[in-house]
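One structure is given here, and the rest of the page talks about it.
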Amino acid sequence: GKVHLLAAGDVATAAAWNVLTNDVIAHQASLVRLAYQTRATNYTISATTWAAAAELFTDVSWTADGTSAYVVEVLPGVAWFAGSVGYNVYMSLGTGSGTELVTMFQNQQTNRDSVGLFKYFYTPSAGTATLNVRAWKESGGTNSEIEIAAGSGRTVAGLAYIAVYGPQTA
């Protein structure tokens with residue numbers, strides 16, 4: 001596959017942008033969704049370490065071939081960061097065995113909402129691959145919440161999911 005990088009300050013010409021988007025579209029067209037999980041309930045961020053945090057998404061599994069890079073896509077819902085300015089809140093993707101792979105999100109608690117769609121390319125060993133998503137806060141910070149369910153000022157439920165895309169297996 002091809003990798004196209006644009007450095008900060010680069011101006012993407014129409015031709016460069018077309019090459020980049022066509023490569024992405026061609027790559028995505030060859031992928032299938034291998035695993036998917038949604039969440040319909042709110043999630044309180046109260047733990048102060050990755051290891052102690054409850055799972056926002058639990059044991060999302062598929063069979064990996066050991067050589068392919070899988071696209072992991074996470075939409076965690078709307079995160080409400082309450083009070084305690086100066087303390088960070090984190091959200092990370094990890095393996096089923098409890099190893100943290102990557103911090104997808106870090107934000108200071110400042111009484112505001114935040115939302116993001118995160119993508120991560122992951123090449124696990126061959127066999128069953130399992131992922132989890134956890135969120136935690138720095139010690140001393142106020143509990144925060146990821147709002148998904150209707151209520152608390154939300155008239156409709158939010159969308160929260162994790163999906164894994166990869167090559168079609170036989």
Side-chain angles (χ1 to χ4, degrees), residues 1-8 10 12 16-79 81 88-108 113-138 144-148 158-170:
K2 299 177 184 175
V3 176
H4 297 279
L5 300 175
L6 293 176
D10 284 354
W17 181 253
N18 286 338
V19 168
L20 175 61
T21 54
N22 288 338
D23 283 353
V24 169
I25 290 167
H27 179 67
Q28 287 180 336
S30 67
L31 302 179
V32 295
R33 188 171 73 189
L34 303 172
Y36 184 75
Q37 188 179 105
T38 62
R39 183 180 178 108
T41 58
N42 293 344
Y43 176 92
T44 299
I45 303 170
S46 58
T48 57
T49 65
W50 158 260
E55 292 169 348
L56 179 62
F57 298 105
T58 304
D59 297 335
V60 178
S61 300
W62 74 100
T63 301
D65 62 17
T67 59
S68 297
Y70 296 86
V71 179
V72 181
E73 185 175 86
V74 180
L75 179 67
V78 176
F81 303 109
N88 287 310
V89 173
Y90 305 90
M91 184 179 301
S92 292
L93 179 69
T95 66
S97 62
T99 301
E100 183 182 4
L101 295 172
V102 63
T103 298
M104 298 180 298
F105 187 84
Q106 174 184 345
N107 200 340
Q108 284 199 358
D113 289 336
S114 185
V115 67
L117 175 64
F118 307 97
K119 291 191 179 194
Y120 181 69
F121 293 87
Y122 177 53
T123 305
S125 300
T128 301
T130 305
L131 296 174
N132 300 304
V133 175
R134 299 179 187 184
W136 73 102
K137 64 185 179 85
E138 286 181 347
S144 293
E145 183 172 77
I146 296 176
E147 298 173 346
I148 301 165
L159 177 62
Y161 70 87
I162 181 172
V164 178
Y165 300 91
Q168 188 162 3
T169 57

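For this chain, numbers begin at 1 and follow the sequence in order.
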*Are L131 and W62 close enough, and set up right, to give a side-chain contact (heavy atoms from CB on, under 4.5 Å), and what steps lead you there?*
CA-CA 9 Å; L131 296 174; W62 74 100; 3.7 Å; yes
*asked:* Test side-chain contact (heavy atoms from CB on, under 4.5 Å) on Y36 and I162; report intermediate values, then the result.
replied: CA-CA 6 Å; Y36 184 75; I162 181 172; over 6 Å; no
*Given D59 and N132, is the side-chain contact (heavy atoms from CB on, under 4.5 Å) satisfied, shown in steps?*
CA-CA 6 Å; D59 297 335; N132 300 304; 3.3 Å; yes
*Carefully, step by step, assess V72 and L101 under the rule side-chain contact (heavy atoms from CB on, under 4.5 Å).*
CA-CA 12 Å; V72 181; L101 295 172; over 6 Å; no
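Atoms OG1 and CZ, on T38 and F57 in that order, are 7.5 Å from each other to the nearest 0.5 Å. The CG atom of L93 lies 8.0 Å from the OH atom of Y122; values are rounded to the nearest 0.5 Å. Between T49 atom OG1 and Y90 atom OH the span is 12.0 Å, to the nearest 0.5 Å. Going from atom CZ of R134 over to atom CD1 of I45 covers 14.0 Å, rounded to the nearest 0.5 Å. Rounded to the nearest 0.5 angstrom, L34 CG and S61 OG are separated by 11.5 Å.
When every heavy atom of V74 is checked against every heavy atom of M104, the shortest pair comes out as CG2-SD, 3.9 Å. Residues A135 and A53 come closest through the heavy atom pair O-CB, 3.3 Å. Scanning all heavy atoms of the two residues, the minimum distance from P167 to D65 falls at CG-OD2, 4.2 Å. Of all non-hydrogen atoms in S46 and K137, the two that sit nearest each other are O-CE, 3.3 Å. Between S68 and T123, the closest heavy-atom pair is O-CG2, 3.3 Å.
A donor-acceptor pair is defined here as one N or O able to donate and one able to accept, closer than 3.5 Å; such a pair exists between the side chain of R39 and the backbone of L56. No donor-acceptor pair under 3.5 Å is formed between the side chain of Y165 and the backbone N or O of E73. With hydrogens and angles disregarded, no donor-acceptor distance shorter than 3.5 Å links the side chain of Y70 to the backbone of A129.
Between W50 and W136, the ring planes lie perpendicular to each other; the angle is over 60°, past the 30° to 60° tilted range.
By the 4.5 Å heavy-atom criterion applied to side chains, Y120 and V164 are not counted as neighbours.
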